[in-house]
*Asks:* 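Submitted below is the structure of interest, expressed as structure tokens.
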2 protein chains.
Amino acid sequence: MTSNAYPTTQTIHTIGILGGGQLGMMLAQAALPLGYRCVFLEDNADCPASLYGTVYSSEQLDDFISTADVFTLEFENTPTDTVQKLSALSKQGQKKGMFPPPIALEVAQDRLKEKQMFNDLDIATVPFESVSSKAKLDAACQKLGLPIVLKTSRGGYDGKGQYVIKETSDIAPAWQALKDAVSGKGSLTPTPAPLIAEGFINFSREVSMIAARAQDGQIRCYDLVENHHHQGILAKTHAPAVGTSQLFGQAQTAITTIMNHLDYVGVMALELFVSKDARGHDRLLANEIAPRVHNSGHWSIEGAVTSQFENHIRAVVDLPLGDTDNVHPSIMVNVLGEYPSISDVLSIDGAHYHSYHKSERADRKIAHITLMPNDVTDLEKALGKLVAVLPNKVGLDKKQSESKK
Amino acid sequence: MTSNAYPTTQTIHTIGILGGGQLGMMLAQAALPLGYRCVFLEDNADCPASLYGTVYSSEQLDDFISTADVFTLEFENTPTDTVQKLSALSKQGQKKGMFPPPIALEVAQDRLKEKQMFNDLDIATVPFESVSSKAKLDAACQKLGLPIVLKTSRGGYDGKGQYVIKETSDIAPAWQALKDAVSGKGSLTPTPAPLIAEGFINFSREVSMIAARAQDGQIRCYDLVENHHHQGILAKTHAPAVGTSQLFGQAQTAITTIMNHLDYVGVMALELFVSKDARGHDRLLANEIAPRVHNSGHWSIEGAVTSQFENHIRAVVDLPLGDTDNVHPSIMVNVLGEYPSISDVLSIDGAHYHSYHKSERADRKIAHITLMPNDVTDLEKALGKLVAVLPNKVGLDKKQSESKK
């Protein structure tokens, strides 16, 4: 394509994305209509993003770097040294930037640093303690009161690297199971790091807020949304979360404070618990950040004036952010493991299907469906129809998910 | 990608599209999230659609055919023999279909057949006469009354192959200019065909209706929209057209009748004039059909629950059609010839930018922008801001377009 297929003022033509999964794919779906090309650093040549641009393997890192003008990521466990390198090239003026900044990854990859940052910024969390010895674990159990959850602070997903301590007799086996993480032995974590002991808090629901921050510091926040998980995997998101108007300001202040603190650029997700304060009022406790576009923001493709993917791209290429208001209320449902009949799904008015072109595998995220009928009174009815035609209803069908507990 | 990246019931994996321009590109943008791949038959390897799938040149027709399971088109001047061949292969059961059917192209490529079909189906048009000799032209001028427009019935675009006969002395030079089309000599038309003489009708505005017809005969119609042209090129579309509720039913009946008559599958556009009947009431006169997705339906990407592109794909792969209701009112503006500053465009809330990745050339369609602010009272204000930042305002800026007349 000739070079004048761009406005003459445009200096960024190609966006390099670390990772080529469905998040990278949806970033490209947003970037191409804005006039940009995307390339991906990803070892799976058949990844979802491969439909939208060239995929470079990690061995082709130099080619990837030379092709792209600016860099971002879709996967926060990207090797930090690659991110550091791209950030350094940008600081030297050779590239137009690496967004989000490396510091955001460092914080997001470490539960202890993350929660410490929240508290340093006066953002409430569950009570927690750093645990680097058996004696400190004993002290933490004393201070927090049982039950607690003991976790590795780095690595460990989907329940791995976690131990619930319900009574005093659980303390020794929990320490035995996780102590190698402290010294960096074994396969639990990438680097030695203290454990984190978290107190139990009763919460009524999980919500998240997505926000975008531009290079000039402008921030735009999406609605608070309500997330339903099944065994740690997001099953569905209601956008907006019903009855959270009183909480919106608190979440907005929290994510704004975090983004400004990190000098963040791009889209970030903040996961929060809705709990009760001493007077019985709803309050938010910050759980974790994701320094990237997030599954709980997929509804925004149809459900918001500007999607999280487009706003992330806009931030990365230094364009003004778009309106984050919702267009109509919507519900996003993940398709896990097995494809439905697309004909059954699309017979529901207002159903938007997003295949990731991935092969079926138990509980794998292979597609998502956003329901946004024009008339909001049809929304719950549409959800009922959708659940009826999904082969895997985990986290969606009340009867089934209860019977599995 | 492994074959189980599809639902097991899915027999169509790849859609072959004749043409690879921006319409093909936007069809692919709709098809990929539904889980399909697209390939294109197009001699320009750098075409807009090349970002979304493999492009085969006309010399690679056999490869194109063997790769795709079902076929459609984005360009109605596709060679009829290719369409016939793909249709025949489908009838033999070797392929899953060629949509729309060849008959729809034959009609759309011939102004005389098209208007005759309209009248045969009791759909009003401007008065017209077939002209195959000087004597018939004289008779047509007598019957229709001057002024008339004399046109080739096949070929001829953007004012070529047309002659306005204002007074009797224009008749002889008009016949001289266009008579070769009747015998098939010269370069005016692809094949010999009579001319068409059309009477002049005062009309207040041009509107169009887009509709989709599924393989089971289900039809869903979009809102009537109002189109503004500059020298035959669409400049902008208002969706829906204000004050057309009384006309919707007439347009819906017309396009439904036409689609059923042609046993049409896919999206069709019907262009209409709003004129006055004898009692001074608004009435519609059919001008022409486009047997494909249409520029006056681009607003539907954001502005309708299901876009024209997605509904065309759904029809082609035999899925149920989606809701055609508008989400909020919107305005689509074509970017002609020169790219604007994308930063200026995106600083308008509710602006959606669609680059075609084409190089700049005078009056060429290189992008479009759909304005859909969440609050409809911001819509005209957004249009004002957009016109202010577009380098080429033809058909948009009242002062400029009037001074050019």
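Residue numbers start from 1 in every chain, and the chains themselves are labelled A, B, ... in the order their sequence lines are given, proteins ahead of strands.
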*Asks:* Are any non-hydrogen side-chain atoms of B:Met209 and B:His294 less than 4.5 angstrom apart?
*Replies:* no

*Asks:* Counting heavy-atom pairs under 4.5 Å with chain B, which one of A:Asp325, A:Val327, A:Val345 comes out on top?
*Replies:* A:Val327

*Asks:* When heavy-atom pairs shorter than 4.5 Å are enumerated against chain A, which of B:Gln29, B:His352, B:Met25 gives the highest number?
*Replies:* B:His352

*Asks:* Below 4.5 Å, heavy-atom pairs only: which of B:His328, B:Arg314, B:Glu302, B:Met372 has the largest tally toward chain A?
*Replies:* B:Arg314

*Asks:* Less than 4.5 Å to any heavy atom of chain B: does that hold for the side chain of A:Pro391, its backbone, both, or neither?
*Replies:* neither

*Asks:* Roughly how far apart are B:Lys385 NZ and B:Ser347 OG, rounded to 0.5 Å?
*Replies:* 7.5 Å

*Asks:* Based on non-hydrogen pairs under 4.5 Å, which of A:Ile348, A:Leu346, A:Val305 is most in contact with chain B?
*Replies:* A:Leu346

*Asks:* Could you look at A:His354 and say if it's the side chain, the backbone, both or neither that has a heavy atom under 4.5 Å from chain B?
*Replies:* both

*Asks:* Starting at CD1 of B:Ile342, measure out to CD of A:Gln10 and round the result to the nearest 0.5 Å.
*Replies:* 6.5 Å

*Asks:* Are side-chain N/O atoms of B:Asn374 and A:Asp323 paired as donor and acceptor at under 3.5 Å?
*Replies:* no

*Asks:* Check each atom of A:Asn326 against the heavy atoms of chain B and say whether the ones under 4.5 Å are side chain, backbone, both or neither.
*Replies:* backbone

*Asks:* Which atoms of B:Pro340 come close to chain A, meaning under 4.5 Å heavy atom to heavy atom: side chain ones, backbone ones, both, or neither?
*Replies:* backbone

*Asks:* So if I apply the side-chain contact (heavy atoms from CB on, under 4.5 Å) rule between A:Met332 and each of A:Asn295, A:Leu371, A:Ile301, A:Ile369, which one comes out positive?
*Replies:* A:Asn295

*Asks:* Between A:Glu360 and A:Arg364, does any NZ, NE, NH1 or NH2 come within less than 4.0 Å of an OD or OE carboxylate oxygen?
*Replies:* no

*Asks:* Could you look at A:Ala351 and say if it's the side chain, the backbone, both or neither that has a heavy atom under 4.5 Å from chain B?
*Replies:* backbone

*Asks:* Measure centre to centre between the rings of A:Tyr356 and A:His368, then say whether the value is under 6.0 Å.
*Replies:* yes

